[in-house]
Amino acid sequence: SQIRSVKPEEIAAFTRFLNSLPELQTDNEIGPLLPINPDSNLLFEVISNGVLLCKIINILHADKIKKFYLQPKTLFQKSENHNFSLKAAIELGCTVVNIGAEDLIEQKPYLVLGIVWQLVKKLLLRNLNVSNHSELLALAKADEDLNTFNNLTAEIKLLRWINYHLKNANYPKEVKNFAEDLKDCEIYTVLMNELAPEHCNLQFLQCPDHYQKAQHILDCASKIGCSVFLTPNDLCNSNEKLHLAFVANLFDAHSGIQKPNDEELKRLEESNNHLLAKLRETEMRLSQMEATNEGVIKKLQEESQEKERLALEHHQLSQQLMQEQQNQQILYAQQLQQQQQQFEIYRQAETNNVPAPPLPPRLNRTSTNYIPDGSMQLNYPPNYNQFDPYNNNNNYNQFDPYNSNNNQFDPYYNNYYNSAYPAPTSTYPNTYYPPTSQRPGGLTVMEAAARYKKKPGFFEKTGHSIDSLVKKI
């Protein structure tokens, strides 16, 4: 990651580390520039043309950058070198954010040091694997297979390595980080005594001066072949990067763990193969489960689509039915209005004692599923709305002329006489005005009732002709 603040001790340490690399010391282009002064900013100047970064990346991965300018003169050539190196760094797993070729050419310290530290770290940890150090398997836990152990971060492996030696030395503490836990150099003293007891003196544990202990640790590290690029002050500070770099370099030089023999390696390989077989079996089962799940998901999706289709179809039918009901209700309201108008004409004619047109036929009311034209029967729900004139046969509203026994628009209800119109007779069930030839006594019931000031029912219930009734009157 980017480093927003530049620490001089980091610049010096990284410079000394690069000076110590044999691959750079023997390089035709970089070799003559070494050693770079660690107490200056000369490292940024050397990096500015892009050659050093390309060389470092090729050390990490042979021929990663096959072509670049070895002696760039122009700004374009330098930019090309940096573009090559940044692209390759990303492919190697480095985090390159907001770092461009122009930043490196302009020697911006915090950006340059950010990419340099990532490459230095990869160089320090490049051998931290089972292939180069089979003794690392001794650090694996009982429930860890080879794949699980290899996937651990370098920091975790190095912490386990330190704690492995501390446990062998019966040291009561445990290291959990590369900063505060190491800066007093006490743990380094115990670790170095485990790695090289012939060089390290445990009496330094009693030394109150941390600087002296750090100097003793660095002297011991040099004696066992470890490249020393830190200073005593670096070990006495809580700089995580520098402590990590020192521990990684120390492990690579002298791990202090006995490598497993052929028999142990064979046993580990068999155990790993068994675990790999189980892993493959588990992956196969997971694959089968995924295939089954895909089938189930597909079926559920199909069912969901079918439900949506049916719901849409039901909605469309409901809308269609509702529209038909509304049309029927409108038709009924129109017919009712016409009937009321005809009844009004009849009343006016009767009041004026003039011949009146026949009353309109009674609308068919045979069930609660009333449709004015009788073309179809619908199942109205209970308490439908004001356009349901026959809801439950007892909820009168303005569109129900036949709902009560005494409504002015109900001359035919239950054959009961209405104040406005008489009930129909068996002879004339559908009209009040039969032809004149069929009128008894030449008078209709209504005419006789009006003349003799009797109710029309008086003439209907006797069963006699109007003439005979008139004589009695």
Side-chain angles (χ1 to χ4, degrees), residues 2-3 6-96 99-127 132 222 225-231 234 241-242 245-246 248-249 252-253:
Q2 293 184 15
I3 302 176
V6 177
K7 298 180 180 180
E9 64 270 20
E10 291 181 359
I11 300 175
F14 300 159
T15 303
R16 284 191 290 266
F17 173 76
L18 294 176
N19 287 337
S20 68
L21 291 177
E23 296 90 343
L24 294 180
Q25 292 174 354
T26 58
D27 185 82
N28 293 332
E29 285 74 32
I30 302 300
L33 301 177
L34 301 181
I36 302 171
N37 184 2
D39 297 323
S40 68
N41 291 328
L42 186 59
L43 175 64
F44 302 118
E45 183 179 342
V46 174
I47 288 176
S48 64
N49 64 8
V51 177
L52 178 59
L53 292 182
C54 290
K55 295 284 186 178
I56 294 174
I57 289 173
N58 281 340
I59 294 174
L60 287 169
H61 190 288
D63 295 330
K64 181 68 177 177
I65 305 177
K66 295 183 179 180
K67 293 183 179 180
F68 59 95
Y69 296 97
L70 295 176
Q71 296 179 344
K73 302 295 183 182
T74 65
L75 182 62
F76 171 79
Q77 292 175 342
K78 295 177 182 180
S79 296
E80 283 291 283
N81 280 354
H82 286 304
N83 289 332
F84 294 147
S85 63
L86 291 175
K87 180 181 178 182
I90 293 173
E91 293 175 356
L92 291 177
C94 294
T95 301
V96 179
I99 301 178
E102 63 278 5
D103 298 317
L104 303 178
I105 294 174
E106 293 174 6
Q107 304 178 31
K108 294 183 179 179
Y110 66 92
L111 294 178
V112 175
L113 208 59
I115 192 68
V116 168
W117 159 241
Q118 293 186 76
L119 294 176
V120 167
K121 183 179 178 181
K122 288 187 176 296
L123 287 170
L124 288 166
L125 302 176
R126 56 179 165 168
N127 294 327
N132 291 299
S222 178
C226 180
S227 176
V228 176
F229 53 88
L230 299 183
T231 66
D234 294 335
K241 294 183 180 66
L242 299 185
F246 178 72
N249 199 29
D252 194 30

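Keep in mind that the numbers below use all heavy atoms, side chains included, and drop hydrogens, waters and symmetry copies. As the structure is a prediction and not an experimental result, all values here were calculated from the model.
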Step by step, would you call E10 with W117 a side-chain contact (heavy atoms from CB on, under 4.5 Å)?
CA-CA 9 Å; E10 291 181 359; W117 159 241; over 6 Å; no
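- Here the closest heavy-atom approach between residue N49 and residue L52 is recorded as OD1-N, 4.4 Å.
- One distance of note links CG of L34 with CG of L21; it measures 9.0 Å at 0.5 Å rounding.
- S48 and H82 make their closest contact through O-NE2, 2.8 Å (heavy atoms, listed as atom of the first residue, atom of the second, distance).
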Please determine whether side-chain contact (heavy atoms from CB on, under 4.5 Å) holds for the pair L242 and F14, giving the CA-CA distance in whole Å, both sets of side-chain angles, and the decisive distance to 0.1 Å.
CA-CA 9 Å; L242 299 185; F14 300 159; 4.2 Å; yes
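- Evaluation of the salt bridge (charged side-chain N to carboxylate O under 4.0 Å, His left out) rule for K87 yields no partner, not counting sequence neighbours.
- Within the model, atoms CD of Q118 and NZ of K241 stand 10.0 Å from one another, a figure rounded to the nearest 0.5 Å.
- A salt bridge is defined here as a Lys NZ or Arg NE, NH1 or NH2 lying under 4.0 Å from an Asp or Glu carboxylate O, and K108 with E106 meets this definition.
- Considering only heavy atoms from C-beta on, L104 comes within 4.5 Å of L86 through its side chain.
- Side-chain contact between Q107 and N41: absent, with no pair of heavy atoms (C-beta onward) separated by less than 4.5 Å.
- P8 approaches V6 most closely through the heavy-atom pair CD-O, 3.9 Å.
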Side-chain donor-acceptor pairs under 3.5 Å in residues 60-71, sequence neighbours left out?
{"from": "K64", "atom 1": "NZ", "to": "E91", "atom 2": "OE1", "distance (Å)": "2.8"}

side-chain contact (heavy atoms from CB on, under 4.5 Å) between F229 and N19: does it pass, once the steps are laid out?
CA-CA 9 Å; F229 53 88; N19 287 337; over 6 Å; no
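- Contact of the N81 side chain with the L53 side chain is not registered, since no non-hydrogen atoms from C-beta on lie closer than 4.5 Å.
- To the nearest 0.5 angstrom, F246 atom CZ is 12.0 Å from L124 atom CG.
- Atom CD1 of I47 and atom CD1 of I56 lie 6.0 Å apart (nearest 0.5 Å).
- When each of P35, S227, P38 is checked for a side-chain contact (heavy atoms from CB on, under 4.5 Å) with R16, only P38 meets the rule.
- Taking E29 as the reference, K55 meet the side chain to side chain donor-acceptor pair (under 3.5 Å) condition, with sequence neighbours excluded.
- Residues N132 and D252 fail the side-chain proximity criterion, which asks for heavy atoms closer than 4.5 Å.
- For the pair D234 (side chain) and T231 (backbone), a donor-acceptor distance under 3.5 Å is present.
- Residues S85 and I57 share a closest heavy-atom pair of O-CD1, 3.1 Å.
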What do the steps show when you test C94 against K122 for side-chain contact (heavy atoms from CB on, under 4.5 Å), and what is the final call?
CA-CA 9 Å; C94 294; K122 288 187 176 296; 3.6 Å; yes
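- A heavy-atom distance below 4.5 Å is not found between the side chains of L42 and L33.
- The CG atom of L18 lies 10.0 Å from the CD1 atom of I30; values are rounded to the nearest 0.5 Å.
- How far CG of L123 is from CD of E23: 8.0 Å, rounded to the nearest 0.5 Å.
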